[in-house]
Enquirer: 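Submitted below is the structure of interest, expressed as structure tokens.
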Amino acid sequence: MSRKNWLIVVLLLIGIGGMAALEGYIKPKANAQAVQYEAEQNDPLTHDIRNSLNFASPYMGNAGNLINLNASLPMRDIERTFQLYPEELTAELRFRSRVGDLKEDMLKQTLVYNSTANFAMIDNLDTLIFKFEDRSFTIRRNEVEAWYGIGTGLASLREAVTWEKEVQARLHDNKYVSEFVENLIQIKTL
């Protein structure tokens with residue numbers, strides 16, 4: 001066999017080996033990491049707020065922005081619609097699910113996390129309603145601002161490190177989460 005043919009065979013073997021490594025190891029590992037990352041994004045304890053920071057806006061009337069913000073937050077896997085009430089500066093997220101279908105601890109953590117995120121990212125949003133098929137949860141900006149005790153407003157939470165410290169880390173404390181829900185969220189059975 002000539003030198004040229006040997007070179008072709010060697011390059012062919014390298015190509016086949018590279019394709020086998022790509023298809024058999026690299027792609028499956030990348031896919032597994034993507035699945036794990038997506039699961040983490042649906043849990044308020046592991047959610048990465050940095051993607052949501054892109055949707056900060058001074059006005060709640062930007063429906064596309066509000067939709068994308070909530071699509072980047074936990075509970076994004078639950079089908080939902082939106083209703084905006086611009087005169088009252090209120091947004092209602094209507095979930096096509098029953099509260100009973102969700103884990104109670106996760107629901108409470110997510111209500112704290114998502115309501116804080118909506119108020120931190122949308123400057124003039126005054127009231128937020130999470131409406132499920134069997135219950136609704138109403139949260140008001142002024143009460144959330146008082147809860148966090150941030151005199152400069154909730155927009156100061158728009159930095160990832162601050163968010164993790166002031167919001168996300170506190171979700172590990174069940175008492176903290178329960179007190180937020182009991183004191184700040186008006187729950188109504190439908």
Enquirer: Does anything in residues 53-64 form a side chain to side chain donor-acceptor pair (under 3.5 Å)? List the pairs, not counting sequence neighbours.
Expert: none
Enquirer: Can you name the residues that form a side chain to side chain donor-acceptor pair (under 3.5 Å) with D134, not counting sequence neighbours?
Expert: none
Enquirer: Is it true that atom CD of E88 has more than 12 heavy atoms of other residues, nucleotides or ligands lying nearer than 6.0 Å?
Expert: yes
Enquirer: What pair of heavy atoms forms the shortest contact from L84 to G61, and how long is it?
Expert: CD1-O, 4.3 Å
Enquirer: Taking all heavy atoms of N42 and all of M106, pick out the closest pair and write down the distance.
Expert: O-SD, 4.5 Å
Enquirer: Name all residues meeting the side chain to side chain donor-acceptor pair (under 3.5 Å) criterion together with S115; count only those two or more places apart in sequence or in a different chain, and write none if there are none.
Expert: none
Enquirer: When hydrophobic residues are tied together by side-chain contacts of less than 4.5 Å, even through go-betweens, does V144 share a cluster with L89?
Expert: yes
Enquirer: Could you tell me whether the side chain of N65 and the main chain of F55 form a donor-acceptor pair under 3.5 Å?
Expert: yes
Enquirer: Heavy atoms only: give me the nearest S178-K108 pair and the separation to one decimal.
Expert: OG-NZ, 3.7 Å
Enquirer: Return the CD to CD distance between Q83 and E92, rounded to the nearest 0.5 Å.
Expert: 6.5 Å
Enquirer: Checking T90 against T138 for the side chain to side chain contact (heavy atoms under 4.5 Å, CB included) test, could you report, in this order, the C-alpha distance in whole Å, the side-chain angles of both residues, the deciding distance, and whether it holds?
Expert: CA-CA 10 Å; T90 299; T138 302; over 6 Å; no
Enquirer: Answer yes or no: is there a side-chain heavy-atom contact under 4.5 Å between V99 and F137?
Expert: yes
Enquirer: With R140, which residues qualify under salt bridge (Lys or Arg N to Asp or Glu O under 4.0 Å), at least two apart?
Expert: none
Enquirer: Given side chains that start at C-beta, do those of V181 and Q109 come closer than 4.5 Å, heavy atoms only?
Expert: no
Enquirer: Could you pull out all residues at least two apart from K175 that satisfy salt bridge (Lys or Arg N to Asp or Glu O under 4.0 Å)?
Expert: E179
Enquirer: Under the salt bridge (Lys or Arg N to Asp or Glu O under 4.0 Å) rule, collect the residues that match up with K131, sequence neighbours excluded.
Expert: none
Enquirer: How long is the gap from CG on N174 to CG on L171, to the nearest 0.5 Å?
Expert: 10.0 Å
Enquirer: Tell me every residue that passes side chain to side chain donor-acceptor pair (under 3.5 Å) with R80, counting only those two or more places apart in sequence or in another chain.
Expert: none
Enquirer: Could you pull out the closest heavy-atom pair between I129 and S136, with the gap in Å?
Expert: CG2-CB, 4.3 Å
Enquirer: Could you give all pairs that pass the ring pair (Phe, Tyr, Trp, His ring centres under 6.0 Å) test and reach residues 99-122, with sequence neighbours left out?
Expert: H47-Y113, Y113-W163
Enquirer: Which atom names give the shortest non-hydrogen contact between T162 and S156, and what distance separates them?
Expert: CG2-O, 3.7 Å
Enquirer: Identify, with sequence neighbours excluded, every residue that meets side chain to side chain contact (heavy atoms under 4.5 Å, CB included) alongside D105.
Expert: none
Enquirer: Let me see the working for D48 and Q41 under side chain to side chain contact (heavy atoms under 4.5 Å, CB included), right down to the final yes or no.
Expert: CA-CA 6 Å; D48 183 359; Q41 296 319 294; 3.5 Å; yes
Enquirer: Assess whether a salt bridge exists between R141 and E143, defined as any Lys/Arg side-chain N lying under 4.0 Å from an Asp/Glu carboxylate O.
Expert: no
Enquirer: Does L102 reach the side chain of I78, with side-chain heavy atoms less than 4.5 Å apart?
Expert: yes
Enquirer: Working to the nearest 0.5 Å, report the span between CG of N118 and CG of L73.
Expert: 6.5 Å
Enquirer: Please determine whether side chain to side chain contact (heavy atoms under 4.5 Å, CB included) holds for the pair I122 and L66, giving the CA-CA distance in whole Å, both sets of side-chain angles, and the decisive distance to 0.1 Å.
Expert: CA-CA 8 Å; I122 311 296; L66 186 73; 4.1 Å; yes
Enquirer: Who passes salt bridge (Lys or Arg N to Asp or Glu O under 4.0 Å) against R135, sequence neighbours left out?
Expert: none
Enquirer: Tell me which pairs pass ring pair (Phe, Tyr, Trp, His ring centres under 6.0 Å) where either residue lies in residues 73-108, with sequence neighbours left out.
Expert: F95-F132
Enquirer: Whether the N114 and N70 side chains hold a donor-acceptor pair (N or O, under 3.5 Å, no angle test) is what I'd like checked.
Expert: no
Enquirer: State the CD-CZ distance between E164 and R170, to the nearest 0.5 angstrom.
Expert: 13.5 Å
Enquirer: Ignoring hydrogens and geometry, is there a side-chain-to-backbone donor-acceptor pair from Q168 to P44 under 3.5 Å?
Expert: yes
Enquirer: Mind checking the OG1-NZ spacing from T110 to K103? Nearest 0.5 Å is all I need.
Expert: 11.0 Å
Enquirer: Identify, with sequence neighbours excluded, every residue that meets ring pair (Phe, Tyr, Trp, His ring centres under 6.0 Å) alongside F180.
Expert: W147
Enquirer: Check A160 against L53 and note the closest heavy-atom contact, atom names and distance.
Expert: N-CD1, 4.2 Å
Enquirer: Within the 4.5 Å heavy-atom criterion, are L111 and I185 side-chain neighbours or not?
Expert: yes
Enquirer: How many angstroms lie between CG in D126 and CG in N142, if you round to the nearest 0.5 Å?
Expert: 7.5 Å
Enquirer: Using the side chain to side chain contact (heavy atoms under 4.5 Å, CB included) rule, take F130 and L128 through it: C-alpha gap first, then chi angles, then the decisive distance, then the call.
Expert: CA-CA 7 Å; F130 294 102; L128 183 63; 3.4 Å; yes
